[in-house]
Amino acid sequence: NRKITWNDFKSQNKVHSYEQASAVMAPGLIAYPKNIVASKIKEVKIIATVNKNQSWYKIKEDYILNHEQMHFNITEIYARKFRKELAKIEESGNKISPNAFLLLFNKIDEEHWNFQSQYEDETQRGTNFNQQKIWNEKIQKLLNELDDFKLDVKIEELLDN
């Protein structure tokens, strides 16, 4: 539920493959716990994360922070899509093997990164303000549609267990 802040961008490496960027956020999907065993799949949580130590900024502007927030929100959309797929499997009474779980994870993660690329291209890395507004609305609509699949646990609670 927390929005990202400039404090979430901790990396000092501000160039690498994104030399023209004003900021880079390092979002990702993870499965927790990382060791997936058949008997515990129902307990696995899919989490949208940000790697703060790989995230950086050069310029502090509200429009840049908003653009990066949308990158995280896209990651959350795909975490919810994964949770939705798992819920469908569970409702059907079927079981999913660790291998099938991994295949599904990889498929959704690939879709996630394709969507991230499309967002980056169409918003021209957040500099096309009209497209950014359109994407902000599109992303919020998708989050709302998947609201039933929000994660209702704090990350700290998972890590404490």
Side-chain angles (χ1 to χ4, degrees), residues 1-34 36 43-87 101-102 104-161:
N1 291 328
R2 182 179 74 79
K3 298 278 187 206
I4 62 166
T5 69
W6 292 115
N7 292 330
D8 293 322
F9 297 78
K10 303 227 181 259
S11 178
Q12 298 303 310
N13 180 9
K14 298 181 180 182
V15 284
H16 58 76
S17 61
Y18 300 99
E19 290 182 28
Q20 302 304 315
S22 299
V24 168
M25 171 166 284
L29 293 173
I30 64 167
Y32 185 86
K34 293 192 184 279
I36 309 297
E43 298 171 23
V44 173
K45 302 286 186 215
I46 304 302
I47 305 166
T49 64
V50 171
N51 185 326
K52 294 179 183 184
N53 294 322
Q54 291 180 359
S55 301
W56 54 266
Y57 67 90
K58 290 180 187 174
I59 302 167
K60 267 188 172 178
E61 294 283 347
D62 289 344
Y63 79 92
I64 295 170
L65 191 60
N66 173 71
H67 180 78
E68 298 306 316
Q69 177 70 55
M70 293 303 112
H71 276 297
F72 177 77
N73 290 1
I74 289 169
T75 303
E76 175 60 21
I77 287 167
Y78 281 86
R80 291 179 187 187
K81 284 184 175 207
F82 195 99
R83 293 179 205 129
K84 181 179 179 179
E85 290 301 314
L86 291 177
F101 181 95
L102 185 59
L104 180 61
F105 183 91
N106 290 338
K107 175 184 173 278
I108 290 175
D109 197 42
E110 182 178 350
E111 291 171 9
H112 162 242
W113 287 112
N114 289 338
F115 198 82
Q116 292 277 15
S117 293
Q118 183 184 3
Y119 167 65
E120 215 36 11
D121 291 344
E122 290 184 16
T123 63
Q124 297 170 336
R125 294 173 167 52
T127 61
N128 182 325
F129 298 125
N130 289 333
Q131 279 298 309
Q132 184 66 55
K133 184 175 188 261
I134 290 166
W135 271 88
N136 290 353
E137 292 167 2
K138 178 180 183 176
I139 291 166
Q140 188 57 55
K141 181 178 181 227
L142 290 168
L143 281 171
N144 291 344
E145 288 172 2
L146 294 162
D147 197 56
D148 289 346
F149 301 96
K150 279 195 285 195
L151 189 62
D152 61 352
V153 65
K154 294 185 188 294
I155 302 302
E156 296 80 19
E157 293 172 5
L158 288 175
L159 299 177
D160 288 342
N161 292 329

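Just so you know, these numbers come straight off a predicted model, no measurement behind them.
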Quick one, [X] and [Y] - any side-chain contact, counting heavy atoms below 4.5 Å?
| X | Y | value |
| --- | --- | --- |
| F72 | D8 | no |
| L102 | I36 | no |
| L65 | K60 | no |
| L29 | F82 | no |

Point to revise | side-chain contact (heavy atoms from CB on, under 4.5 Å) partner of I46, the single match among E85, K81, K84, R83 | key: R83
Point to revise | Those residues that, when tested against K10, pass side chain to side chain donor-acceptor pair (under 3.5 Å) (two or more places apart) | key: none
Review point. In chain order, what residues pass the side chain to side chain donor-acceptor pair (under 3.5 Å) check against E110, with sequence neighbours excluded?
Key: none
Compare every heavy atom of [Y] with every heavy atom of [X], then report the nearest pair and how far apart it is.
| X | Y | answer |
| --- | --- | --- |
| V44 | A31 | CG1-CB, 4.0 Å |
| S11 | W56 | O-CB, 3.5 Å |
| T75 | G28 | CG2-O, 3.4 Å |
| E68 | V24 | OE1-C, 3.8 Å |

Nearest 0.5 Å, please: how far is [atom2] in [Y] from [atom1] in [X]?
| X | Y | atom1 | atom2 | result |
| --- | --- | --- | --- | --- |
| E120 | H71 | CD | NE2 | 3.5 Å |
| F105 | I30 | CZ | CD1 | 8.0 Å |
| Y119 | I74 | OH | CD1 | 6.0 Å |
| Q69 | T5 | CD | OG1 | 10.0 Å |
| K150 | N144 | NZ | CG | 9.0 Å |
| E145 | I77 | CD | CD1 | 9.0 Å |

Exercise for review: Would you please classify the geometry between the F9 ring and the W6 ring as parallel, tilted or perpendicular, with 30° and 60° separating the classes?
Suggested key: tilted
Exercise for review: Report the relative orientation of the aromatic rings in F129 and Y63; use parallel for angles under 30°, tilted for 30 to 60°, perpendicular for over 60°.
Suggested key: perpendicular
Practice item. Please report the C-alpha distance between Q132 and N128 in whole Å, then the side-chain angles of each, then the deciding distance to 0.1 Å, and finally whether the side-chain hydrogen bond (donor to acceptor under 3.5 Å, both in side chains) criterion is met. Key: CA-CA 6 Å; Q132 184 66 55; N128 182 325; over 6 Å; no
Review point. Counting only heavy atoms not in K52, do more than 12 sit closer than 6.0 Å to its NZ atom?
Key: yes
Point to revise | Heavy atoms from other residues, nucleotides or ligands near CG of D62 exceed 12 (cutoff 6.0 Å) | key: no
**Study point:** Main-chain N/O of A26 paired with S55 side-chain donor or acceptor, under 3.5 Å
**Key:** yes
Review point. Between the side chain of T123 and the main-chain N/O of Q131, is any donor-acceptor distance below 3.5 Å?
Key: no
Check your understanding: Is the distance between the ring centroids of F115 and W135 under 6.0 Å?
Key -> yes
Review point. Are K133 and E137 within salt-bridge range, i.e. N to O under 4.0 Å?
Key: yes
